[in-house]
Structures are given as C-alpha cells and as structure tokens.
Trainee: 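The structure that follows is given in the form of structure tokens.
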Amino acid sequence: MTQEIRVRFAPSPTGKLHIGNARTAILNWLFARHSGGRLILRIEDTDLERSSKESEEGIYRDLIWLGIDWDEGPDIGGEFGPYRQMERTDIYGKYIDSLLGKGHAYHCFCTLEELDEMREKAQAAGKTDVWYDGRHRNLTAGEKEAFIAQGRKPVVRLKYPDEDISFHDIVKGDLTFPAGSTGDFVIARSDGTPTYNFVVVIDDGLMKISHVIRGDDHLSNTPKQIAVYRALGWQAPQFAHIPMILGDDRTRLSKRHGATSVQGYCEAGFLPAALINFMSLLSWSSPSGDEILSLERLVEEFDFSRVSKSPAVFDNEKLAWMNGMYIRALPLSRLTDLCLPYLEKAGYPLPQRDKLEQIVSLVQDNLERLKDCVEKLEFVFADRVAPATPDAVRMIEKESTPKVFWSFLRQADKVEHLDFAQFRKIMKTVSNETGVMGKDLWMPVRVALTGDIHGPDLPKVVDIFGKERCKKRIESALHLEK
RNA sequence: GGCCCCUUCGUCUAGUGGUUAGGACUCAGGACUUUCAUUCCUGCAACAGGGGUUCGAGCCCCCUAGGGGUCACCA
C-alpha cells in the first residue's frame with residue numbers, strides 16, 4: 001500500500017522569513033518534488049500577540065522569490081483547508097471535547113501561583129524533569145464545581161502515558177524517550193485556545209501529512225505529539241528531524257548573527273538559485289560530489305539517506321563564492337536586469353540599454369553580490385574621479401606621468417573615435433614616444449580614468465567612455481598633478 | 001540540572017572494517033594578464049579523548065569530554 005506523500009511547511013507569521021525556516025521549507029519542497037508528493041503551506045497564527053498579516057504576506061513573497069511553490073495553502077485553498085490555524089478553532093474545540101469525553105484529558109484548575117509553587121518544590125526536591133504532580137487528574141464533580149464557583153478557569157491537560165515512547169526518525173534513527181520525563185501538558189489554555197503541541201497534531205492528522213520534516217529543535221516535542229496521536233487513536237506520520245543551522249559561534253542561527261532573513265539576502269543581491277543550492281548543501285550532499293547543482297538536479301537527487309545528523313555552520317563566505325559562480329553564469333542581459341534596481345537606487349545617470357549592458361559586463365566576473373555593482377561601477381557614472389588610495393596617488397605623482405598624459409592627449413586628438421582597438425594602438429605609440437612602458441605607462445592612465453589602481457580591463461573602459469570623456473579625465477588628472 | 005540529539009581539515013562535507021582519509025570554501029604560493037578579478041595548477045590543514053571487539057578500526061560497542069536542543073496557559 002503506497003500512501004500519498006504529503007509534507008507541510010508551517011511557519012508562524014511573526015516576522016520576516018528566517019533563513020533557518022527557509023531551509024526547512026526547501027527540504028520539504030525538495031522532498032515533495034522529488035517524490036511526486038504535495039507540499040502544504042499552513043500558517044500557524046495562533047499567537048495573536050505576535051502574528052500579523054504583513055508577516056504572512058512576506059512569507060509568501062519570500063517563498064515565491066526563492067522559487068518554492070506549494071500545492072495547498074491559505075492563498076490557494078485545497079481539499080483539507082482552511083490552512084490558517086485561527087480559522088480552524090472550532091475543529092480544535094471538537095477534538096478537545098472528544099479527548100475530555102474519553103478521559104484522555106482533564107480539566108486542571110491550578111492557578112499560576114500554585115503551579116509556580118509546585119515547580120519550586122519539585123526543584124528543591126531535586127526533581128528537575130516532571131514537576132506537575134497531576135493533582136487534578138481525578139477531580140470529583142463536586143471539587144470541580146467548587147473551583148468553578150471560585151471563578152477559576154481550567155486548562156485542559158493531556159494524560160501523558162507512564163511508558164517509554166519510541167519512534168523511528170528518518171534522519172536520526174530509532175529514538176526512545178523514557179517514561180517519566182514528560183508530564184501532563186496543557187493542550188488548551190484557560191481561555192479555551194489550544195496549544196501548539198495539540199494543534200500541530202490535529203492539523204497534521206487531518207491534513208493527512210505523511211512526513212513531518214522540521215528542525216531537530218522539535219525532537220523533544222515529538223513524544224508529546226505522539227501521545228496526542230495515540231489518545232486520538234490516529235496513526236502518527238513519519239518524522240524527519242533535520243539538523244539545525246548554526247552561526248559562527250556554533251549556536252542556533254538567529255537575529256544575533258546579522259542579516260538572517262530571506263529578504264535580507266534578497267536585498268543584498270543573492271540569487272535565489274544560489275541560496276537554494278547553498279542551503280541544500282547544509283547537511284546534505286550530492287552522491288556525485290558536485291556542489292554547483294541546478295534546481296532540477298537538486299530535485300532529482302535529494303534523498304534523506306544523504307542528510308547528515310549533525311548541525312552545520314552557515315558559512316557566508318562560501319555562499320558568497322557560490323553566488324559569484326551563479327552571477328558569472330548569468331546571461332549578460334539577465335544580469336543587467338538584476339543590477340538595474342541597485343543602480344537606479346544609487347541615482348546613477350543610466351545610459352541606453354546596450355551601453356548599460358556593456359558597463360555591467362565590466363564587473364560580471366567580479367561580483368559576489370548584485371549590490372556590489374553600485375560600488376564597483378561608481379567610477380563609470382561619476383562626473384569625475386580622484387585617486388582613491390595612496391598607491392593611486394603615487395602613480396599620478398610619478399615623474400614620468402605628465403609626459404605620458406600629454407602624449408596620450410596628442411595621440412587621442414589624431415583619431416576620430418577612441419575605441420578598444422584604437423586605444424591599444426595609441427598606448428603603443430605613447431610608449432614609443434615617451435619611452436615609458438609597463439606599469440608606469442598603464443597605471444597612471446588607469447588611475448586618471450577610474451581613480452583606482454585596480455579595476456576592469458582598461459581598453460573596455462575606454463571603449464565605453466569614448467574619446468571626449470577619456471580626454472576630460474586625463475586633463476583633469478594633469479591639473480590635479482600641478 | 002533531567003531528558004534528547006550531535007562530534008572527519010578553521011567552515012561545508014565524502015567515507016559504511018583494509019584509503020597516501022577525497023572534494024569544496026577560506027588562506028598561502030604559482031601560471032595567465034598592463035592592475036584587480038576570473039580561470040587553471042600547487043600547497044597548508046581533520047578522524048575530540050580513553051577503553052574494548054577484531055588479524056586490522058574514522059567506520060562496531062562502552063565510558064569521558066565538548067557542543068547543541070528542549071523542559072511554558074510560545075510556536
């Protein structure tokens with residue numbers, strides 16, 4: 001019997017989509033697409049305080065940007081909706097009542113103060129795991145009424161079984177959580193709203209999720225959820241707990257580690273394909289050993305048997321390298337499209353399209369992030385440039401530099417257009433005329449034209465600038481010299 | 001602290017009892033080039049420690065250490 005493969009990504013709309021969550025989404029997506037299953041997007045918005053519509057929309061936007069699509073979700077509906085938890089409250093209520101009726105759950109009237117006291121007492125006694133003593137497990141009708149009369153509002157607790165709970169995790173293997181390490185936990189708050197460990201089971205169960213793929217920070221929640229499945233009489237899905245992504249300091253990646261939102265990476269000019277490629281290589285590897293992998297290959301090759309059990313540090317340097325590889329592989333027109341918004345935002349006066357593409361081509365093999373094009377191309381759009389570094393100043397101040405410049409200007413005047421080929425010819429003539437060659441010849445010209453001793457191929461730059469602009473910059477450099 | 005998970009170069013990883021422990025990023029050096037970058041080549045660099053099992057352990061078992069996670073009327 002082959003069960004339909006259904007996986008889900010279930011973020012809370014409480015902020016920007018985090019890179020760690022995105023990784024979970026990616027693995028779910030890869031698994032779904034690889035196995036011909038379906039990906040369900042579910043919005044876990046039961047935290048009224050922190051949830052927002054903007055966050056929800058941001059999640060859609062970021063997933064779409066990454067290239068992750070889903071088959072069922074709040075925005076597109078589906079057979080097992082609704083897909084927003086706040087729209088499912090009556091469903092949860094029904095199952096709470098059912099569990100209560102069957103005696104798998106019970107009302108607990110303890111106050112927060114009583115709970116604190118209980119916790120302290122347990123701790124003092126050296127009992128640091130289960131502290132709730134189950135005192136309201138078997139209340140009589142009379143006792144209940146007395147509490148209600150006091151105005152106390154009960155929570156609902158699940159009767160956690162007094163037995164080991166074992167399950168097989170697809171990535172971690174066989175796991176056992178010993179009896180006594182978990183107590184009766186709350187499945188519905190005193191205001192009647194259900195808690196996470198309960199709704200996640202109801203939703204996954206009702207939505208017929210076959211594989212729960214999530215971060216291994218959920219590992220210790222799993223026995224609680226299995227207890228709910230059992231109380232309900234439902235079969236639990238398969239679990240695949242993927243290792244966390246860590247920051248440089250080897251703690252779980254979070255806001256503390258800088259820009260960790262998908263949006264942040266988007267804005268910095270990382271390409272979605274590079275990001276997906278890089279993140280799928282965190283705790284997974286291709287059997288081929290290759291690292292630059294297209295989306296198609298990723299989908300084709302992804303398999304949990306090659307997912308490692310240990311956490312991975314997010315290496316921004318390697319991501320940058322990989323992004324550079326993707327940028328270099330882009331057709332020039334596409335790269336130009338992608339750089340355009342950054343250049344516009346910088347306020348640069350942009351030329352015609354073909355010219356712009358030529359300009360972008362100057363830095364194609366030099367970019368790690370799209371946003372870097374702003375800085376690297378500044379000299380092209382600036383009115384004038386000045387030597388940017390001490391080394392650059394030194395080249396301009398070389399004794400031989402003025403005669404190189406003067407010679408260059410004379411030669412430039414002899415030609416109609418200063419293009420790639422003409423420039424090379426002129427430089428040769430300048431060299432012959434002045435006796436200056438090599439770095440002493442090229443560097444001053446480079447600095448005069450671009451302001452720096454490093455940069456794109458000079459003939460290409462000259463080709464873009466044209467004769468008048470080159471002359472102007474050389475002349476300006478001469479003034480600056482004396 | 002209890003419980004759970006994890007442990008191969010600085011980082012990401014390959015490896016499933018016999019390998020000079022391989023690749024990638026970073027770094028260093030070299031080639032190409034008028035510079036930088038790209039590209040190519042070379043190099044540095046790892047099996048956490050200790051016990052077993054075995055003719056033989058990175059791979060199997062145990063212990064220790066270290067790291068991470070989780071213990072809410074958050075998700």
Side-chain angles (χ1 to χ4, degrees), chain A residues 10-12 14 44-47 49-51 85 108 110 112 115 119 122-123 126-131 153-157 169 171-173 175-178 180-183 185-197 199-200 215-224 241 243-244 246 248-252 278 281-292 306 308-322 324-325 328 362-368 376 391 395 424 427 431 437-443 445-447 450 452-459:
Chain A
S12 319
T14 54
E44 308 211 325
D45 55 355
T46 53
D47 186 339
E49 291 290 307
R50 299 190 300 144
S51 294
Q85 289 185 328
C108 166
C110 292
L112 261 21
L115 255 18
R119 192 173 357 221
Q123 245 156 28
K127 198 165 162 48
T128 49
D129 41 10
V130 178
W131 50 268
K153 294 237 183 270
V155 299
V156 178
R157 287 181 185 273
D169 187 278
V171 348
K172 303 286 186 179
L175 265 22
T176 296
F177 289 76
S181 55
T182 304
F185 61 95
V186 175
I187 57 174
R189 305 181 182 94
S190 49
D191 64 2
T193 59
T195 61
Y196 169 74
N197 281 123
V199 294
V200 75
D216 70 11
D217 50 336
H218 285 282
L219 215 40
S220 30
N221 281 328
T222 309
K224 289 183 186 171
H241 285 96
M244 306 261 81
L246 275 23
D248 312 335
D249 58 357
R250 298 206 139 267
T251 64
R252 182 232 223 98
F278 176 74
L281 253 26
L282 256 24
S283 69
W284 177 81
S285 61
S286 160
S288 68
D290 295 345
E291 303 214 279
I292 302 292
R306 297 189 66 84
S308 81
K309 299 178 179 187
S310 48
V313 173
F314 194 94
D315 183 355
N316 276 294
E317 279 186 335
K318 187 159 182 175
L319 202 214
W321 163 78
M322 191 171 277
M325 295 292 279
R328 265 163 255 138
L362 291 176
V363 293
Q364 178 156 23
D365 60 15
N366 220 312
L367 291 182
E368 285 193 326
K376 289 187 190 299
D391 280 340
M395 289 319 300
R424 287 193 162 280
M427 288 302 277
S431 182
M437 49 183 144
K439 281 188 184 177
D440 290 346
L441 172 69
W442 289 84
M443 276 300 168
V445 176
R446 167 177 293 285
V447 172
T450 71
D452 205 344
I453 57 170
H454 302 309
D457 279 346
L458 217 38

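Every chain is numbered from 1, with letters handed out A, B, ... down the list of sequences. Predicted model, so just to flag it, every value in this text is computed and none were measured.
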Trainee: Just checking A:Asp248: base, sugar-phosphate only, or nothing, at a heavy-atom cut-off of under 4.0 Å?
Mentor: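 Contact class for A:Asp248: none.
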Trainee: What's A:Thr193 touching, base or sugar-phosphate or nothing? Going by heavy atoms closer than 4.0 Å.
Mentor: nothing
Trainee: Using whole Å, report how far CG of A:Leu282 lies from C1' of B:C6.
Mentor: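 About 15 Å, once rounded to whole Å.
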Trainee: For A:Asn221, which contact category applies under a 4.0 Å heavy-atom criterion: base, sugar-phosphate, or nothing?
Mentor: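 Base, at least one base heavy atom under 4.0 Å.
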Trainee: With sugar-phosphate meaning primed atoms plus P, OP1 and OP2, does A:Cys108 contact a base, only sugar-phosphate, or nothing at under 4.0 Å between heavy atoms?
Mentor: nothing
Trainee: Quick one: is B:G2 close enough that its OP1 or OP2 comes under 4.0 Å of any side-chain N or O from A:Ser181?
Mentor: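 No, no such contact exists.
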Trainee: May I ask you to establish whether A:Arg119 and A:Trp131 are in a cation-pi arrangement, using a distance under 6.0 Å from NZ or CZ to the six-membered ring centre and at most 45° from the ring axis?
Mentor: yes
Trainee: Remember a base hit wins even if backbone is also touched, and classify A:Thr222 as base, sugar-phosphate or nothing at under 4.0 Å, heavy atoms.
Mentor: nothing
Trainee: In whole Å, what is the span from the CG atom of A:Asp457 to the P atom of B:U35?
Mentor: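 It is 10 Å, rounded to the nearest whole Å.
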Trainee: Ring-plane angle category for A:Phe314 and A:Phe278, please: parallel below 30°, perpendicular beyond 60°, tilted otherwise.
Mentor: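 Ring orientation of A:Phe314 relative to A:Phe278: perpendicular.
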Trainee: Using the C1' atom as the reference point in each nucleotide, state the distance between B:G51 and B:G68 in Å, no decimals.
Mentor: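 Per the computed distance, 26 Å lies between those C1' atoms.
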Trainee: Between A:Lys318 and A:Glu291, is there a salt bridge with N-O shorter than 4.0 Å?
Mentor: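 Looking at A:Lys318 together with A:Glu291, the answer is yes, because their closest N to O distance falls below 4.0 Å.
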Trainee: Just how far, in rounded Å, is P of B:A72 from CG of A:Leu115?
Mentor: 10 Å
Trainee: Taking atom types as modelled, find out whether A:Thr14 and A:Ser12 have a side-chain donor-acceptor pair closer than 3.5 angstrom.
Mentor: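 There is no such pair between these side chains.
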Trainee: Give me the distance, rounded to whole Å, that separates B:G69 from B:C59 when you measure between the P atoms they each carry.
Mentor: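 Rounded to whole Å, the distance is 27 Å.
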Trainee: Rounding to the closest angstrom, what is the interatomic distance between B:A75 and B:G66 at atom C1'?
Mentor: 30 Å
Trainee: Let me know the distance between CD of A:Glu291 and C1' of B:A24, rounded to the nearest Å.
Mentor: 4 Å
Trainee: Using atom P in both nucleotides, what's the gap between B:A21 and B:C9 to the nearest angstrom?
Mentor: 15 Å
Trainee: Does A:Thr182 reach a base, just sugar-phosphate, or nothing at all? Heavy atoms under 4.0 Å.
Mentor: nothing
Trainee: Less than 4.0 Å between a side-chain N and a carboxylate O, is that true for A:Asp217 and A:Arg252?
Mentor: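 Yes, this pair counts.
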Trainee: Any donor and acceptor pair, going by atom type alone, linking the side chain of A:Asp45 with main-chain N or O of A:Gln85 inside 3.5 Å?
Mentor: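 At least one qualifying donor-acceptor pair exists.
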Trainee: With a 4.0 Å limit, can you tell me whether A:Trp284 has a side-chain N or O closer than that to the phosphate oxygens OP1/OP2 of B:C12?
Mentor: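 No.
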Trainee: Which nucleotide sits closest to the side chain of A:Lys309: B:U34, B:C6, B:G68?
Mentor: B:C6
Trainee: Please state whether the base of B:C71 and the side chain of A:Ser220 form at least one donor-acceptor pair under 3.5 Å?
Mentor: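 In this structure, the two groups form no donor-acceptor pair.
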Trainee: What is the separation between atom CG on A:Asp216 and atom P on B:A75, rounded to the nearest whole Å?
Mentor: 20 Å
Trainee: On a whole-Å scale, what distance lies between the P atoms belonging to B:U7 and B:U26?
Mentor: 26 Å
Trainee: Among the candidates B:G68, B:U34, B:C73, find the nucleotide nearest to the side-chain atoms of A:Thr251.
Mentor: B:G68
Trainee: Tell which nucleotide pairs with B:U20, taking only Watson-Crick or G-U wobble pairs whose two distances are both under 3.5 angstrom.
Mentor: none
Trainee: Can a donor-acceptor pair be found between the side chains of A:Thr450 and A:Asp452 at a distance below 3.5 Å?
Mentor: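 Looking only at side-chain atoms, A:Asp452 and A:Thr450 do not form any donor-acceptor pair under 3.5 Å.
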Trainee: With sugar-phosphate meaning primed atoms plus P, OP1 and OP2, does A:Ser12 contact a base, only sugar-phosphate, or nothing at under 4.0 Å between heavy atoms?
Mentor: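 The residue A:Ser12 makes sugar-phosphate contact but no base contact.
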Trainee: Between B:A75, B:A72, B:C4, spot the one nearest the side chain of A:Asn197, thanks.
Mentor: B:A75
Trainee: Side chains of A:Asp249 and A:Thr251: any donor to acceptor distance under 3.5 Å?
Mentor: yes
Trainee: Name the closest nucleotide to the A:Asp315 side chain, picking from B:A75, B:U35, B:C25.
Mentor: B:C25
Trainee: Tell me which nucleotide, if any, is Watson-Crick or G-U wobble paired with B:G2 when both distances must be under 3.5 Å.
Mentor: B:U70
Trainee: Hey, which of these two, A:Gly455 or A:Glu44, hits RNA chain B nearer its 5' end, going by closest nucleotide?
Mentor: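 Checking each residue's closest nucleotide, the 5'-ward one belongs to A:Gly455.
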Trainee: A:Lys172 side chain: which of B:C4, B:C6, B:C71 is closest?
Mentor: B:C6
Trainee: If each of A:Glu317 and A:Asp249 is mapped to the nucleotide of RNA chain B with the nearest heavy atom, which maps nearer the 5' terminus, i.e. the 5' end?
Mentor: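 Of the two residues, A:Glu317 wins.
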Trainee: Counting the atoms with a prime plus P, OP1 and OP2 as sugar-phosphate, which does A:Val313 contact under 4.0 Å by heavy atoms, base, sugar-phosphate, or nothing?
Mentor: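 It contacts sugar-phosphate atoms only.
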Trainee: Using a heavy-atom cut-off of 4.0 Å across all strands, would you classify A:Asn366 as base, sugar-phosphate, or nothing?
Mentor: base
Trainee: With the side chain of A:Arg119 defined as its heavy atoms from C-beta on, choose the nearest nucleotide among B:G69, B:C3, B:A72.
Mentor: B:A72
Trainee: Could you work out the separation of B:A28 and B:G10 based on their C1' atoms and round it to a whole Å?
Mentor: 15 Å
Trainee: Classify the nucleic acid contact of A:His218 as base, sugar-phosphate or nothing, counting any heavy atom under 4.0 Å across all strands shown.
Mentor: base
Trainee: What nucleic acid atoms does A:Pro11 come within less than 4.0 Å of, heavy atoms only: base, sugar-phosphate, or nothing?
Mentor: nothing
Trainee: Tell me the partner of B:A31, counting only Watson-Crick (N1-N3 plus N6-O4 or O6-N4) or G-U wobble (N1-O2 and O6-N3) with both under 3.5 Å; none if nothing fits.
Mentor: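 Checking every strand shown, B:A31 finds its partner in B:U39, with both distances under 3.5 Å.
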Trainee: Between B:U8 and B:C71, how far apart are the two C1' atoms, rounded to whole Å?
Mentor: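 Roughly 32 Å separates the two C1' atoms.
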Trainee: Taking only the side-chain nitrogens and oxygens of A:Arg252, find out if one of them lies under 4.0 Å from OP1 or OP2 of B:G67.
Mentor: no
Trainee: So what does A:Thr14 touch, heavy atoms closer than 4.0 Å: a base, only the sugar-phosphate, or nothing?
Mentor: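 No contact.
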Trainee: What is the distance, to the nearest angstrom, from the CG atom on A:Asp169 to the P atom on B:G69?
Mentor: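 Interatomic distance, CG of A:Asp169 to P of B:G69: 18 Å.
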Trainee: Heavy atoms only, 4.0 Å cut-off, all strands: where does A:Arg424 land among base, sugar-phosphate and nothing?
Mentor: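 Touches a base.
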Trainee: Please determine if a side-chain N or O atom of A:Lys318 lies less than 4.0 Å away from the OP1 or OP2 oxygen of B:A24.
Mentor: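 Negative; the distance criterion is not met.
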Trainee: Starting from C1' on B:G10, measure out to CZ on A:Arg250 and report it in whole angstrom.
Mentor: 10 Å
Trainee: Whole-Å distance between B:C4 C1' and A:Phe177 CZ?
Mentor: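 From A:Phe177 CZ to B:C4 C1': 5 Å.
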Trainee: Tell me which nucleotide among B:C6, B:G15, B:U39 gets nearest to the side chain of A:Arg306.
Mentor: B:G15
Trainee: What does A:Pro459 touch in the nucleic acid at a heavy-atom separation under 4.0 angstrom: a base, only the sugar-phosphate, or nothing?
Mentor: base
Trainee: Any side-chain N or O of A:Trp442 below 4.0 angstrom from OP1/OP2 of B:U35?
Mentor: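 A:Trp442 to B:U35 OP1/OP2: no side-chain N or O under 4.0 Å.
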Trainee: Report yes or no: does A:Lys172 contribute a side-chain atom to a donor-acceptor pair with the main-chain N or O of A:Lys309 at less than 3.5 Å?
Mentor: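 Flag set: sc A:Lys172 to bb A:Lys309 pair under 3.5 Å.
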Trainee: Say we look at B:G50 and B:C4: how far apart would their C1' atoms be, to the nearest angstrom?
Mentor: 24 Å
Trainee: Would one find more than 12 heavy atoms of other residues, nucleotides or ligands at under 6.0 Å from atom CG of A:Asp290?
Mentor: yes
